[in-house]
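Below is one structure, written out as structure tokens; the observations come after it.
Residues: numbered from 1 along the sequence shown.
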Amino acid sequence: MASRPELQAPPEIFYNDDEARKYTSSSRIIDIQAKLSERALELLALPDDGVPRLLLDIGCGSGLSGETLTDNGHQWIGLDISQSMLDIALEREAEGDLILGDMGQGLGLRPGVIDGAISISAVQWLCNADKSSHEPRIRLKAFFGSLYRCLARGARAVLQVYPENLAQRELILGFAMRAGFSGGVVVDYPHSTKKRKEYLVLTCGPPSLSSATPKGKGEDGESGSDEDSSDDEENQSVSVSDRHRPRKKQKLNKKVKGREWVLRKKEQMRRKGNAVPLDTKYTARKRKARF
């Protein structure tokens, strides 16, 4: 199995001239990129009013995902750290405005000007310290803070990611929540090793009915049911309340002892001659979780 690209070299080095040209000329990659971009655009849930929106493509590469945005009638701005990838995008006459930049240093866009943002397989690169000056937590904070500022209130950002493990996913999502986003994770085809895809669906602003996290797709290509998502522990969307310090977890397998059990035990103690408090209406009454 090939090593993950982000573990081999920094993106601006890994995607050199040869790799950028090979990446863009692969029909398989073009097809995958188009499908992921279509799904990200679907999860953006833009109004179906025929009005073009200004979208941001983070980690735009050679403009493959930007083509999907153009085909759907939108204008877009693309940001990427690889000069070689952007050169290929210019050769292919990508219709978006291209910016050479490191998303880990912030996006540098005016506040509130972007109607939506997508990113295909890019954000997980921020979790790697490619230089001695790189600190993943600082870079994630800078990225999500600047993304929140440049989005219009109520706009969405859909970030397709390949987290290396659960801890990395929680790290990314945690900094998104701290920046002010509401939303969570959408997992398509959660039971498939090859087709499984994860999307961070984030809304700029506090949670509301319109910012509810959509369902992931199941094996049949349709939205998964509540029953399916409850069976898959990793398919649970993270609510905004998870940003706060969780209360002490209770043991799920703890067997609750009722009033009859308590009365029976007290009677046994009395027969042994022990001093036992009288039975009252408060005996074995369940206490509230918090006072």
Quick check for you: to the nearest 0.5 Å, what is the distance between [X] atom [atom1] and [Y] atom [atom2]?
X: I120; Y: K197; atom1: CD1; atom2: NZ; answer: 10.5 Å
X: I118; Y: S37; atom1: CD1; atom2: OG; answer: 5.0 Å
X: T68; Y: L36; atom1: OG1; atom2: CG; answer: 9.5 Å
X: L147; Y: L109; atom1: CG; atom2: CG; answer: 9.5 Å
X: R196; Y: Y189; atom1: CZ; atom2: OH; answer: 13.5 Å
X: L64; Y: L69; atom1: CG; atom2: CG; answer: 11.5 Å

Under the side chain to side chain donor-acceptor pair (under 3.5 Å) test, which residues partner Q160, sequence neighbours left out?
-> none
Restricting to non-hydrogen atoms, name the atom on [X] and the atom on [Y] that form the minimum distance, rounded to 0.1 Å.
X: L202; Y: M177; result: CD2-CE, 3.8 Å
X: M103; Y: F143; result: O-CB, 3.5 Å
X: I99; Y: L86; result: O-CD1, 3.7 Å
X: S65; Y: Q33; result: N-CG, 4.0 Å
X: L100; Y: I81; result: CD1-O, 3.5 Å
X: A155; Y: D115; result: CB-O, 3.4 Å

Taking the side chain as every heavy atom from C-beta outward, state whether [X] and [Y] have any atom pair closer than 4.5 Å.
X: N128; Y: P136; value: no
X: S62; Y: R21; value: no
X: K266; Y: T283; value: yes
X: L126; Y: F144; value: no

Hydrophobic clustering (ILVMFWY, side-chain heavy atoms < 4.5 Å, transitive) - are [Y] and [X] grouped together?
X: I77; Y: V123; result: yes
X: I138; Y: L140; result: no
X: W261; Y: V276; result: no
X: V113; Y: L151; result: yes
X: I88; Y: L90; result: no

Evaluate the ring planes of F181 and Y148, with Trp represented by its six-membered ring, and classify them as parallel (under 30°), tilted (30 to 60°) or perpendicular (over 60°).
-> perpendicular
Worked verdict on L56 versus L107 for side-chain contact (heavy atoms from CB on, under 4.5 Å) = CA-CA 10 Å; L56 177 64; L107 301 177; 3.8 Å; yes
Reference residue D188; test salt bridge (Lys or Arg N to Asp or Glu O under 4.0 Å); the match among K195, K217, K35, R39 = R39
Residue pairs, two or more places apart or on separate chains, that pass ring pair (Phe, Tyr, Trp, His ring centres under 6.0 Å) and touch residues 75-100 = none
Answer with yes or no whether the side chains of S84 and D17 bring together a donor and an acceptor at under 3.5 Å.
-> yes
What do you reckon, is CD of E95 surrounded by more than 12 foreign heavy atoms closer than 6.0 Å?
-> no
Between R169 and P163, is there a donor-acceptor pair closer than 3.5 Å when you use the side chain of the first and the backbone of the second?
-> no
